[in-house]
Amino acid sequence: MMSEQSRNAPPPPSDEAASMSLIDHLVELRRRLVRASIGVIIGMGFGIFLVMGPFKLVDLLITTFAPLTDRPPVQSVGTTEEFTSYMTVALAIGVVLAMPVIVYQLLAFIVPALTQRERRIIFIALPFVILFFLAGIAFGWFITVPTAIRFLVGFSGSELIESQPALSNFITTVTVLLLINGIVFELPVIIYVLAFLGVVTSKQLASYRRFAIVGVTIVAAFITPTGDPINLALLAIPMYFLYELGIILARFVPKRD
């Protein structure tokens, strides 16, 4: 005979209810992606102004990173190459300018599953996400990209070879390297947030150093757009130091109740 508690127990959720819950999550994810995309499009509009306006950002990229000679340092050989290259730079600017919106929408999708205290610490970390991203862009601008371009363009050193990269290839290499540096520099903030949520601890991270070296090398090799060892090292070495910085920040995480 069933007990009173068993008779009064609510029925298990149906497959339809579970499906609706999944659909609700997908709808919410789509809404967040649309808002992030709108932020990127608005930022891209400003990027088009920087590219096509008086600032001539593409010319600045060429004069900053391309080896200057008596002839133009890059060439455009395709009918749409100039247009697509300019739009690539504008899109990259849109992503950089929209990074606060992208991070906010990502957090807004994750935050409902967290406690009020966890939400507060994540939103406190939001300005540092932007700060570290800009620091990565600056690191790429002054160190990674110039070193990579000099190595790639002057690799052979032969007087019989005139290196004059195509515009699209040159712009793609520069913008991708800059964005990758910005994303890589988010590692300390990510580690701090994971440590605060109790996913990892500073002791665990310190004990994983050997695995971190291997993992950082694999990730750097995977995301390096050119595949050469110089670019790999220029990404892997900073990533490991950022991992160590993340360990230091994880030690200052307040103890959970």
From CA spacing to verdict: side chain to side chain contact (heavy atoms under 4.5 Å, CB included), R32, L106: CA-CA 7 Å; R32 298 298 178 185; L106 177 62; over 6 Å; no
Full working for side chain to side chain contact (heavy atoms under 4.5 Å, CB included) between W141 and L61: CA-CA 10 Å; W141 184 279; L61 292 175; 3.5 Å; yes
Going through the checks in order, is the side chain to side chain contact (heavy atoms under 4.5 Å, CB included) test met by M44 and V95? CA-CA 7 Å; M44 185 177 177; V95 172; over 6 Å; no
For T173 and F65, what are the C-alpha separation, side-chain angles and deciding distance, and is it a side chain to side chain contact (heavy atoms under 4.5 Å, CB included)? CA-CA 11 Å; T173 301; F65 301 118; over 6 Å; no
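Atom OG of S168 and atom CD of Q75 lie 10.0 Å apart (nearest 0.5 Å). One finds the CZ atom of F109 at 4.5 Å from the CG atom of L29 (value rounded to the nearest 0.5 Å). Taken to the nearest 0.5 Å, the CZ atom of R30 stands 10.0 Å off from the CG atom of L33. Between the OG1 atom of T84 and the CG atom of L167 there is a distance of 7.5 Å, given to the nearest 0.5 Å. Note that CD of E82 and CD1 of I171 are 10.5 Å apart. Values are rounded to the nearest 0.5 Å. The distance from atom CD1 of I247 to atom CZ of R209, rounded to the nearest 0.5 Å, is 4.5 Å.
When hydrophobic clusters are built by joining Ile, Leu, Val, Met, Phe, Trp and Tyr residues whose side-chain heavy atoms come closer than 4.5 Å, directly or via intermediates, L205 is not grouped with I218. In the hydrophobic cluster analysis, where Ile, Leu, Val, Met, Phe, Trp and Tyr join through side-chain heavy atoms closer than 4.5 angstrom, F46 is grouped together with M52. Under a hydrophobic clustering in which Ile, Leu, Val, Met, Phe, Trp and Tyr are joined whenever their side-chain heavy atoms come within less than 4.5 Å, directly or via other members, F211 and I237 fall into different clusters. V40 and I38 fall into different hydrophobic clusters, where Ile, Leu, Val, Met, Phe, Trp and Tyr are joined by side-chain heavy atoms under 4.5 Å apart, directly or via other members. By the criterion of side-chain heavy atoms lying less than 4.5 angstrom apart, applied directly or through intervening Ile, Leu, Val, Met, Phe, Trp or Tyr residues, L50 is grouped together with L134 in one hydrophobic cluster.
Annotation for A166 and E81: closest pair CB-OE2, 3.4 Å, computed over non-hydrogen atoms. Taking both residues in full, the closest heavy atoms of A90 and G47 are given as CB-C, 3.8 Å, listed atom of the first, atom of the second, then distance. Closest of all the heavy-atom pairs between L234 and A148 is CD1-N, 4.2 Å. Between M239 and A220 the shortest heavy-atom distance is SD-CB, 4.4 Å. Scanning both residues, I213 and T217, for their nearest heavy atoms gives O-OG1, 2.8 Å.
Panel note: side chain E244, backbone F241; no donor-acceptor pair is recorded below 3.5 Å. When atom types are taken as modelled, the side chain of T63 and the backbone of L60 share a donor-acceptor pair closer than 3.5 angstrom. With hydrogens and angles ignored, the 3.5 Å screen pairs no side-chain donor or acceptor of E28 with any backbone N or O of D24.
At least one side-chain heavy atom of P73 sits under 4.5 Å from a side-chain heavy atom of I62. With a 4.5 Å cut-off on side-chain heavy atoms, R210 and V214 do not count as touching. By the 4.5 Å heavy-atom criterion applied to side chains, I102 and F133 are not counted as neighbours. Looking only at side-chain heavy atoms (C-beta outward), M87 and I48 come within less than 4.5 Å of each other.
A donor-acceptor pair shorter than 3.5 Å cannot be found between the side chains of Q204 and Y208.
At most 12 non-hydrogen atoms from other residues, nucleotides or ligands lie less than 6.0 angstrom from CZ of F128. The environment of CZ in F139 is crowded: more than 12 heavy-atom neighbours from other residues, nucleotides or ligands sit within 6.0 Å. Taking a 6.0 Å sphere around OH of Y243, one finds it holds more than 12 heavy atoms contributed by other residues, nucleotides or ligands.
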Extract all donor-acceptor atom pairs below 3.5 Å that involve side chains of residues 177-198 and protein atoms in other chains or at least two apart in sequence.
{"unit_1": "N181", "atom_1": "OD1", "unit_2": "T144", "atom_2": "OG1", "d": "3.1"}
{"unit_1": "N181", "atom_1": "ND2", "unit_2": "L177", "atom_2": "O", "d": "2.6"}

